[in-house]
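All values reported here derive from a predicted model rather than from experimental measurement.
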Amino acid sequence: MSKIRVKQEESLSIKFSHQMEKGDNRQLDLYFFLPKEMGIGSHTLNEEEYYYSAIVGRRSYYSEGLHLPLVQGRFASLNRRTVEEFRLYLNLFAYQFAVAVENDVKELNQITDVTHFYFALDELREQVGQLLKKFRRNEPGDPKWKSYFENADNYLSWFCEQQLLKVLAHATRTSDFNDIQERVLTLCRNECAYRDEHNYNSTQTKQDPNRISNKMLLLRRLIQQGVVLKEELKPLGIGLKKFTTGLATALVMLVVSALIIQAQGAFSGFTIALVLTLAVIYGFREIFKDDVRNAMWRFIQRGRPRWSRILRDTTSQAVIAKQLVWLEFMRQQDLPDKVSEILKHRHSQNKVDAEILHYKIATKVNQSEFQAGYSTIQEQVNFSLVPFARYLERGKAKIYKEVEGKISHESVERRYQVNLILVLRDGREAPQYIRYKITMNRSTIIEITQSQLPDSVNMPESTIDDE
């Protein structure tokens, strides 16, 4: 199994995911090299705002099999367990089922060949139908257990129906595959009838899209109970920032006071010239006060973690892992030697000046406190590139060509290449490196490719999902 998975999540977002076991001490560094022509840097993009608005993570217990064919082998008989164990394992299965459907649907939507798309859709329909039947064969008879089962069953039935209908709504319609379309619609109709038969949702709820959507959102949260870890995020350096602000203000006032004393000595008495001079001094104070404070803060904050995160089990409240997070624009001279060496390995035409955005996350996983049956947690982090794209230029150029005396032209898009170097450190093992090239324009990511590294650099196990 690969240690790192990197893939395109949406049109303008990428996601990396990895698994960590008990006692792991892992550090991940991501260096985004943004060409200066993109116009992105510390002067246009605030790191803190970017972190809160564009970086979304999810940490949960993990068991292998996040695609439907593999999930089918994960649901053992649960009737021999306690109520708490039943709910925990039921939630794990339901959560993985939902994630598996999401993953397979996203991969399905990336298929451009119509024939391949419909065959893959038919296979997905069959897998979903079989897995729902297998899930329902384990329905418990005890009323204490049945409510948990019904909540999961209701959500999975509705969620699978919605995902399949969404795929069909955006699919290329063709009469050649009417039979597959009809089989998918039949499954969706059967699931709708199944929920009606079991009275899972009231008539008012079914007739109001807002009510049914919010109810299913609640059920999704219920099945995440005990599986998705609770996160406690805390910004670091608040006291240090206040101290820096006070120090910067004191230094500015020291200079201002010195200038005022000199101005009073230069002018005899209280004159208009003295008033104008004092106004200019105070004006410059307001102009440079924030610049001095920001410069001092960047210097003091450089290399320090910006946030800490505690991951807790939502059932026992036990601490499962602790994390430190860094996010900052860094200078070229502060890059590790190996990263600089990898960057020099680029093709000569791609060696352009770049701003470096560094994201780092260090995780220490506890040896104990895991729920029974779990030994691994999974971390998934989404990076939205929308804040980058808003600074990019739209394509304005045209390419002309001549055919038999007729001249035609086509508009071309402006593309940018972002280099991403990922560094993985596991405990005391030697660091391992991966380099990706992200080709994007203002509206979408064109492709993500993995690049070759110099022979002297170690590369970890990794995969790219082209979606």
Side-chain angles (χ1 to χ4, degrees), residues 60-66 68-102 125-165 186-230 312-318 370-374:
S60 63
Y61 286 119
Y62 177 81
S63 184
E64 288 184 33
L66 282 184
L68 292 181
L70 298 175
V71 170
Q72 294 186 31
R74 302 300 301 177
F75 194 54
S77 176
L78 301 176
N79 293 325
R80 287 170 260 172
R81 306 184 188 277
T82 65
V83 175
E84 292 76 15
E85 288 177 325
F86 174 83
R87 185 183 184 188
L88 189 61
Y89 281 83
L90 177 76
N91 285 355
L92 174 62
F93 176 82
Y95 174 76
Q96 287 198 176
F97 189 176
V99 172
V101 172
E102 286 176 333
R125 172 204 58 82
E126 184 177 357
Q127 291 167 356
V128 167
Q130 289 177 353
L131 199 50
L132 285 171
K133 289 178 182 177
K134 186 173 183 179
F135 174 66
R136 288 161 185 164
R137 284 201 297 267
N138 290 272
E139 180 178 357
D142 191 327
K144 293 181 181 178
W145 299 22
K146 201 165 185 178
S147 61
Y148 297 128
F149 175 86
E150 289 176 347
N151 284 338
D153 191 27
N154 187 12
Y155 175 76
L156 292 177
S157 173
W158 179 84
F159 181 74
C160 291
E161 176 196 344
Q162 289 296 305
Q163 291 293 305
L164 291 173
L165 290 176
T186 299
L187 175 61
C188 293
R189 295 184 191 115
N190 290 342
E191 287 305 311
C192 184
Y194 174 85
R195 295 194 301 277
D196 290 342
E197 180 184 344
H198 287 76
N199 296 316
Y200 279 160
N201 306 297
S202 67
T203 303
Q204 295 88 343
T205 300
K206 289 184 292 185
Q207 292 176 349
D208 187 342
N210 292 312
R211 292 182 67 172
I212 190 70
S213 177
N214 282 291
K215 179 176 180 177
M216 293 304 165
L217 182 61
L218 175 61
L219 294 182
R220 173 94 180 202
R221 289 174 180 168
L222 289 176
I223 69 172
Q224 290 178 350
Q225 184 73 22
V227 178
V228 176
L229 301 176
K230 179 183 178 182
R312 293 184 183 273
D313 184 290
T314 54
T315 303
S316 66
Q317 299 302 313
F370 275 51
Q371 287 283 356
Y374 296 125

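- Panel note: side chain Arg312, backbone Ala318; no donor-acceptor pair is recorded below 3.5 Å.
- The pair Glu161-Arg195 meets the salt-bridge criterion, since a charged nitrogen lies less than 4.0 angstrom from a carboxylate oxygen.
- For the pair Arg220 and Tyr155, the NZ or CZ position fails the cation-pi test of under 6.0 Å to the six-membered ring centre and within 45 degrees of the ring normal.
- The CD atom of Gln204 lies 9.5 Å from the NZ atom of Lys206; values are rounded to the nearest 0.5 Å.
- No hydrogens or angles considered: a donor-acceptor pair under 3.5 Å links the side chains of Tyr61 and Asp313.
- The CG atom of Leu131 lies 10.0 Å from the CZ atom of Arg136; values are rounded to the nearest 0.5 Å.
- A distance-only check finds no donor-acceptor pair linking the side chain of Asn91 to the backbone of Gln224 [under 3.5 Å].
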Q: Might you work through the side chain to side chain contact (heavy atoms under 4.5 Å, CB included) test for Val228 and Thr314, ending with a clear yes or no?
A: CA-CA 8 Å; Val228 176; Thr314 54; over 6 Å; no
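- For the pair Cys192 and Asp196, the minimum side-chain heavy-atom distance is below 4.5 Å.
- Remark: side-chain polar atoms of Asn154 are not paired, donor with acceptor, to backbone N or O of Glu150 under 3.5 angstrom.
- Heavy atoms from other residues, nucleotides or ligands lying under 6.0 Å from CZ of Arg211 number more than 12.
- In this structure, CZ on Phe97 lies 11.5 Å from CD on Glu102, to the nearest 0.5 angstrom.
- For the pair Asp153 and Tyr200, the minimum side-chain heavy-atom distance is below 4.5 Å.
- Taken to the nearest 0.5 Å, the CG atom of Asn190 stands 10.5 Å off from the CD atom of Glu197.
- Residues that satisfy the side-chain hydrogen bond (donor to acceptor under 3.5 Å, both in side chains) test with Ser202, not counting sequence neighbours, are Thr205.
- Taking the side chain as every heavy atom from C-beta outward, Asn201 and Met216 approach each other to under 4.5 Å.
- Remark: aromatic rings of Phe135 and Phe149 are close, center separation under 6.0 Å.
- Counting all heavy atoms, side chain and backbone alike, Leu156 lies closest to Ala94 at CD2-O, 3.7 Å.
- Within the 4.5 Å cutoff, the side chain of Lys230 has heavy atoms near those of the Gln317 side chain.
- No side-chain heavy atom of Ser60 sits less than 4.5 Å from a side-chain heavy atom of Gln96.
- Shown here for Val101 and Cys160, the closest heavy-atom pair between the two residues is CG2-SG, 4.2 Å.
- A cation-pi arrangement is absent between Arg189 and Tyr194, since the terminal nitrogen or guanidinium carbon is not both under 6.0 Å from the aromatic centre and inside a 45° cone about the axis.
- Looking at heavy atoms from C-beta onward, Ile223 lies out of side-chain contact with Tyr148 at the 4.5 angstrom threshold.
- Screening Leu218, Leu219, Leu90 for a side chain to side chain contact (heavy atoms under 4.5 Å, CB included) involving Asn151 leaves a single residue, Leu219.
- A salt bridge is defined here as a Lys NZ or Arg NE, NH1 or NH2 lying under 4.0 Å from an Asp or Glu carboxylate O, and Glu126 with Lys133 fails to meet this definition.
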